[in-house]
Amino acid sequence: MGSRKRESALARKLTNQDVVKAIHNDCPSSPRKMRLVADIIRGEQVDKALYILKYSKKDASNKLEKVLLSAMANWQTKNEGADIEEANLIVKEIFVDSARQLKRLRPAPQGRGYRIRKRSNHITLILGKKEN
């Protein structure tokens, strides 16, 4: 019974060897704005995604570029001695979830207060090999 667990753990490790994840929590930007940029790079090759993010005008692209570079560094740490250009990595999954909101009040006319919601998000990026 113990050897069966070890075999499944080894099998799991070999299947997940090419899958790498990077997470950025509490990013101070609204999830809607971040999803616009994330949708552009979903399914793209890593070098093309980096190119898209580097030359995009949106502020969210700078934060996503850092997360992508972090995922690439995680892949290199996991696969020592392997070349990242030959690995044929793609952005397998990327999703943006909403995080906490900071609620503030702004003074408004006639003694009222308008509520301001400063939104933030969680970014999860998963790299994997391209399947033929």
| task | Taking the side chain as every heavy atom from C-beta outward, state whether Asp47 and Ile84 have any pair of such atoms under 4.5 Å apart. | result |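 Side-chain contact under 4.5 Å: no.
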
| message | Just so I know, are the side chains of Leu50 and Met72 near enough to count as touching, which here means a heavy-atom distance under 4.5 Å? | response |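 They are in side-chain contact.
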
| query | Does anything in residues 30-69 pair up under ring-ring contact (aromatic ring centres under 6.0 Å, His included), and if so which pairs, sequence neighbours excluded? | reply |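 Residue pairs with at least one partner in residues 30-69: Tyr51-Tyr55.
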
Roughly how far, to the nearest 0.5 Å, is the [atom2] atom of [Y] from the [atom1] atom of [X]?
X: His24; Y: Leu64; atom1: NE2; atom2: CG; answer: 9.0 Å
X: Lys54; Y: Ser61; atom1: NZ; atom2: OG; answer: 10.5 Å
X: Leu127; Y: Glu93; atom1: CG; atom2: CD; answer: 11.0 Å
X: Lys21; Y: Lys78; atom1: NZ; atom2: NZ; answer: 10.0 Å

Listed pairs under 3.5 Å, donor-acceptor, residues 113-124 side chains, sequence neighbours left out:
from: Ser120; atom 1: OG; to: Arg100; atom 2: O; distance (Å): 2.7
from: Asn121; atom 1: ND2; to: Ser29; atom 2: O; distance (Å): 2.8
from: His122; atom 1: ND1; to: Asn25; atom 2: OD1; distance (Å): 3.2
from: His122; atom 1: ND1; to: Asp26; atom 2: N; distance (Å): 3.2

| Residues in ring-ring contact (aromatic ring centres under 6.0 Å, His included) contact with Phe95, at least two apart in sequence or another chain |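 ring-ring contact (aromatic ring centres under 6.0 Å, His included) list for Phe95, sorted by chain: empty.
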
| Do you know the tightest heavy-atom contact between Val20 and Trp75? |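 Heavy-atom minimum between the residues: CG2-CD1, 3.4 Å.
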
| task | Taking Thr77 for its side chain and Ala73 for its backbone only, find out whether a donor-acceptor pair lies under 3.5 Å. | result |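 Flag set: sc Thr77 to bb Ala73 pair under 3.5 Å.
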
| query | Which residues satisfy the salt bridge (Lys or Arg N to Asp or Glu O under 4.0 Å) test with Asp59, sequence neighbours excluded? | reply |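 Testing Asp59 for salt bridge (Lys or Arg N to Asp or Glu O under 4.0 Å), a comparison that skips the adjacent residues, returns Lys63.
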
| In chain order, what residues pass the side chain to side chain donor-acceptor pair (under 3.5 Å) check against Lys129, with sequence neighbours excluded? |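 So Lys129 forms no side chain to side chain donor-acceptor pair (under 3.5 Å) with any residue.
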
Pairs under 3.5 angstrom only: tabulate donor-acceptor contacts from the side chains of residues 34-46 to other protein residues two or more places apart or in another chain.
from: Arg35; atom 1: NE; to: Val96; atom 2: O; distance (Å): 3.1
from: Arg35; atom 1: NH2; to: Val96; atom 2: O; distance (Å): 3.0
from: Asp39; atom 1: OD1; to: Arg42; atom 2: NH1; distance (Å): 2.8
from: Arg42; atom 1: NE; to: Ile94; atom 2: O; distance (Å): 3.4
from: Arg42; atom 1: NH2; to: Ile94; atom 2: O; distance (Å): 2.6
from: Glu44; atom 1: OE1; to: Lys48; atom 2: NZ; distance (Å): 3.4
from: Gln45; atom 1: NE2; to: Asn88; atom 2: OD1; distance (Å): 3.3

